[in-house]
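Okay, so here's the structure we're looking at.
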Amino acid sequence: MALPLFTTAGVIFLLFSTSSAQIRGDNLATCNMNDGFGKYCPTTCGVADYMFRYLPGVSEDLTSMQDQLELIANLTDGADEKITYMKDSTTSAQKSSQPDPNYRKSSSMLDDVLRFEKTILSQEQQMIELQNIISSNERNMGELKKLALQLQQKCTAPCRDTVEIQPTTGTDCQDIANKGATTSGLYYVKPASAQAQFLVYCEIDNFGRGFTVIQRRRDGSVDFFRDWIQYREGFGYLSPDDTTEFWLGNEKIHLLTTSSPIPTVLRIELVDWEGNKKYADYNMFRIGSEADMYRLTYGYYFGGDAGDAFDGFDLGEDPSDKFHTSHNGMQFSTHDKDNDKYSGNCAQQDGSGWWMNRCHAAHLNGKYYQGGRYSEKDTGEYGFDNGITWLTWHSRWYSLKETTMKIIPVSRISAGGGQQTGVKQFGGLGDA
Ligand SMILES: [Ca+2]
């Protein structure tokens, strides 16, 4: 019969659609925050989630349709047999010349025929209904496919700028530069104690120095008011041409600063809205483990012209200001994990994640303010200084335009000619 064949084809089509969706879903199920980070494609996991949400319902529909089809196929088989039997009986009755016993037989056969006709009609009705269900399912699948395609296109649109990842790998960017890499860009690094490699932006200068960049602010395009997990894993976008904002992630910073016997220098570079640039270096910079809430420690201020805001700042309001705004030894705080020294929640009030004390004299993950100057009125419900601040340079009501936090082994910070390289390095961003 043509009808069941067609419906079977429909089921095969649907099963195929489902299984191909499942394959795609399975691949994307391996999405994790590490993979998603820095690949321009943060919505990839979203597509998988979307497909997964719809799959159980569609699969259920298909199973029940298959059951019904099998039932009909069985009924149809039985009917075929009976019709054949009836045909044979009729033929033999027609052939027979003895009317009397066959009259009863044919009249009961007539009843049978009528009954079977009814059955066949009701079966046909059922099949039509099933066909309708199938075509409506096909339509739904079609729409789902279209939606999935749209989502995919949305996701791949930013991927069209192919992200160029450099082939050299190493324990950090200095290791990569030591291996001969001379281009700044995206590289995979794997610190000695790391389980897996991860992507970083390496700034490699003409002196063969390789800075591993851990934080970048430049235009306010990325929101830095994030929770503990996001600060742990990292957020924002890594770009091969250093055009995007990001936080590399506390776990990665921890691994990068604790895996080598050579102390690490943290270099902080700041740009204000007048185009002035300043920097600050901290030697023996380390970020502790998550068990210690990614505690910040450093040995000493290693120089720079931006001043030592990590050591706190005397706001002129209370002699204890400097002590309570210093950062050395502070644990990391986010709005959902308050590790600060304040009765309130610094990270919540100041809209960031940072090594909060009570609360800060340096606040590079703060809120981005176009133009720099802001006031209590601009800060929302709390009224505290929540901008991107470095109080030994600009006041707490002045939010910086650009920041960079990057690290390098201390053995290489001044390689190539002392202060000269510092100026030269900084000159890479413009005039110091
Ligand atoms: Ca607190």
Side-chain angles (χ1 to χ4, degrees), residues 33 214-215 217 222-236 246-254 257-258 266 268 280 282 285-298 301 307-369 374-392 394-400 403 405:
M33 280 175 280
I214 62 173
Q215 189 256 29
R217 308 292 299 270
V222 170
D223 185 1
F224 272 59
F225 188 30
R226 305 284 181 135
D227 63 22
W228 183 263
I229 289 173
Q230 287 171 308
Y231 266 102
R232 182 180 72 196
E233 301 299 328
F235 55 83
F246 65 90
W247 179 256
L248 184 63
N250 287 338
E251 188 60 31
K252 297 180 184 101
I253 303 171
H254 160 66
T257 57
T258 53
L266 167 69
I268 290 167
Y282 291 90
F285 168 69
R286 283 173 66 95
I287 297 304
S289 67
E290 186 174 21
D292 194 24
M293 303 298 171
Y294 298 119
R295 187 190 300 276
L296 161 73
T297 52
Y298 59 83
Y301 180 59
D308 184 6
F310 268 177
D311 195 37
F313 187 72
D314 185 359
L315 296 163
E317 293 164 4
D318 191 286
S320 67
D321 282 351
K322 192 171 156 74
F323 176 73
H324 286 137
T325 56
S326 67
H327 296 281
N328 200 358
M330 292 301 122
Q331 294 179 319
F332 203 84
S333 284
T334 51
H335 65 82
D336 57 336
K337 235 183 188 35
D338 177 359
N339 297 310
D340 63 29
K341 306 286 184 194
Y342 174 53
S343 58
N345 182 331
C346 292
Q348 173 67 41
Q349 292 182 358
D350 293 340
S352 71
W354 194 244
W355 299 281
M356 293 291 188
N357 186 342
R358 201 184 133 175
C359 292
H360 49 75
H363 188 229
L364 302 185
N365 288 346
K367 187 175 170 187
Y368 199 90
Y369 284 99
Y374 70 108
S375 72
E376 236 175 277
K377 295 193 302 287
D378 305 315
T379 64
E381 58 178 310
Y382 296 108
F384 293 105
D385 47 328
N386 62 357
I388 302 168
T389 57
W390 193 263
L391 298 196
T392 52
H394 280 293
S395 94
R396 56 179 153 158
W397 300 111
Y398 186 100
S399 183
L400 294 160
T403 72
M405 295 173 70

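Atoms within each ligand, like the ligands themselves, are counted from 1 in listed order.
Other residues, nucleotides and ligands place more than 12 heavy atoms under 6.0 Å from the CD atom of Glu290.
The Ca ion (ligand 1) has no N, O or S atom of Ser343 closer than 3.0 Å. For Lys341, every N, O or S atom stays at 3.0 Å or more from the Ca ion (ligand 1).
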Step by step, would you call Asp350 with His363 a side chain to side chain donor-acceptor pair (under 3.5 Å)? CA-CA 9 Å; Asp350 293 340; His363 188 229; 4.9 Å; no
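In the model, Tyr282 has a side-chain atom that pairs as donor or acceptor with a side-chain atom of Asp308 under 3.5 Å.
Looking only at N/O/S atoms, Asp338 comes nearest to the Ca ion (ligand 1) through OD2. Taking the Ca ion (ligand 1) as reference, Asp340 places its N/O/S atom OD1 nearest.
Annotation: Tyr398 is not in aromatic contact with Trp390 [ring centroid separation under 6.0 Å not met].
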